[in-house]
Amino acid sequence: MGFFTKDIKTLNDLFVHTLRDIYYAEQQIAKNLPDMIEKASDQSLKNGFETHLAETKNQITRLEKVFKMHGVEAKGVNCPAIDGILEEASDVAGDVDDKTVLDAALIAAAQAVEHYEITRYGSLIAWAKKLGRDDCAFVLQENLDEEKATDKKLNDMAIKSVNQRAA
């Protein structure tokens, strides 16, 4: 089922589809973060990725809670967007020899992932509220808050140290 498909007829259908999209995305991110941890040479960046891996696992658990609260099966749907972002990150990381430049590339890739997640969670929260599911919105807000905090940490790290060392 594509994102804009005839199977999505109601806001509830769109909510469930997008919930499954982000569920798949979070699982793919959890699978890819160990590789990013291994490739990072900056210890703060490694630590940040390790922290985010733990957060991502908690976010998956929260998403499973939202599925249960909403009365639908917890399952993912293929998400070509996150697959493309992660594939590009892997390609770029494979092309960079200089470790300091690689750290800058890893941050940029991680921020692309964060921005994708932020847009999905923002939409899900708005739709959950429209559907009268403030309970679901509250749980999703926890994930959104963590994604925004991670994006800020990555941005600060890039500006204050990593990009300067790579220049």
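As a basis for the values below, the full set of heavy atoms in this structure was taken, side chains included, without hydrogen atoms, waters or symmetry mates.
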What do the steps show when you test Val101 against Arg165 for side-chain contact (heavy atoms from CB on, under 4.5 Å), and what is the final call? CA-CA 8 Å; Val101 175; Arg165 281 198 303 276; over 6 Å; no
Would Asn12 and Thr10 count as a side chain to side chain donor-acceptor pair (under 3.5 Å) here? Give the steps. CA-CA 5 Å; Asn12 187 67; Thr10 66; 5.0 Å; no
Give the C-alpha distance, both sets of side-chain angles, the deciding distance and a yes or no for side-chain contact (heavy atoms from CB on, under 4.5 Å) between Phe67 and Glu73. CA-CA 6 Å; Phe67 279 116; Glu73 179 186 0; over 6 Å; no
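Leu124 and Phe138 fall into different hydrophobic clusters, where Ile, Leu, Val, Met, Phe, Trp and Tyr residues are linked whenever their side-chain heavy atoms come under 4.5 Å apart, directly or through other members.
The structure places NZ of Lys148 at 15.0 Å from NZ of Lys153, a figure rounded to the nearest 0.5 Å. Atoms CG and CG, from Leu63 and Asn143 in turn, are 5.0 Å apart once rounded to the nearest 0.5 Å. Considering CD of Glu146 and OG1 of Thr56, their distance stands at 8.5 Å, rounded to 0.5 Å. Atom-to-atom distance recorded for Gln111:CD and Asn155:CG is 5.0 Å, nearest 0.5 angstrom. The CZ atom of Arg120 sits 13.5 Å away from the CD1 atom of Ile125 when rounded to the nearest 0.5 Å. Within the model, atoms CE of Met69 and SG of Cys136 stand 4.0 Å from one another, a figure rounded to the nearest 0.5 Å.
Residues satisfying the side chain to side chain donor-acceptor pair (under 3.5 Å) criterion with Glu114, sequence neighbours excluded, are His52. Under the rule for a side chain to side chain donor-acceptor pair (under 3.5 Å), the partners of Asp103 that lie at least two apart in sequence or sit in another chain are Ser41.
A 6.0 Å sphere centred on CG of Asp97 holds no more than 12 heavy atoms belonging to other residues, nucleotides or ligands. Within 6.0 Å of CD on Glu142 lie more than 12 heavy atoms contributed by other residues, nucleotides or ligands. For Lys65, the NZ atom sits in a loose shell: 12 or fewer heavy atoms of surrounding residues, nucleotides or ligands are nearer than 6.0 Å.
With respect to the salt-bridge test (charged N to carboxylate O, under 4.0 angstrom), the residues Lys152 and Asp156 qualify.
Using a 4.5 Å cut-off on side-chain heavy atoms (C-beta onward), Asp13 and Asp7 make no contact. Annotation: side chain of Trp127 is not in contact with side chain of Leu19 (no heavy-atom distance under 4.5 Å). In this structure, Lys57 and Thr61 have side chains that are not in contact, with every pair of non-hydrogen atoms separated by 4.5 Å or more. For the pair Asp98 and Leu102, the minimum side-chain heavy-atom distance is 4.5 Å or more. Between His115 and Thr119 there is no side-chain heavy-atom pair separated by less than 4.5 Å.
Under the 3.5 Å distance criterion, the side-chain polar atoms of Ser161 are matched with a main-chain donor or acceptor of Met157.
Side chains of Gln59 and Glu147: a donor on one and an acceptor on the other come within 3.5 Å. Of the N and O atoms on the side chains of Tyr24 and Arg20, not one donor lies less than 3.5 Å from an acceptor on the other residue. Counting only N and O atoms by type, the side chains of Gln141 and Tyr121 include no donor and acceptor under 3.5 Å apart.
Residue Tyr116 comes nearest to Cys79 through the heavy atom pair OH-SG, 3.0 Å, listed as atom of the first residue, atom of the second, then distance. In this structure, Val77 and Asp21 approach most closely via the heavy-atom pair CG2-N, 3.6 Å. The shortest heavy-atom contact between Val162 and Thr100 is CG1-O, 4.3 Å. The shortest non-hydrogen separation linking Ala128 to Phe15 is CB-CE1, 3.7 Å. A pairwise comparison of heavy atoms in Leu154 and Phe49 identifies CD2-CE2, 4.2 Å as the closest pair. Between Asn163 and Ile159 the shortest heavy-atom distance is ND2-N, 4.4 Å.
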Donor-acceptor pairs under 3.5 Å, side chain of residues 30-38 to any protein atom, not counting sequence neighbours: which ones?
residue	atom	partner	partner atom	Å
Asn32	ND2	Gln28	O	2.7
Asp35	OD2	Lys39	NZ	3.2

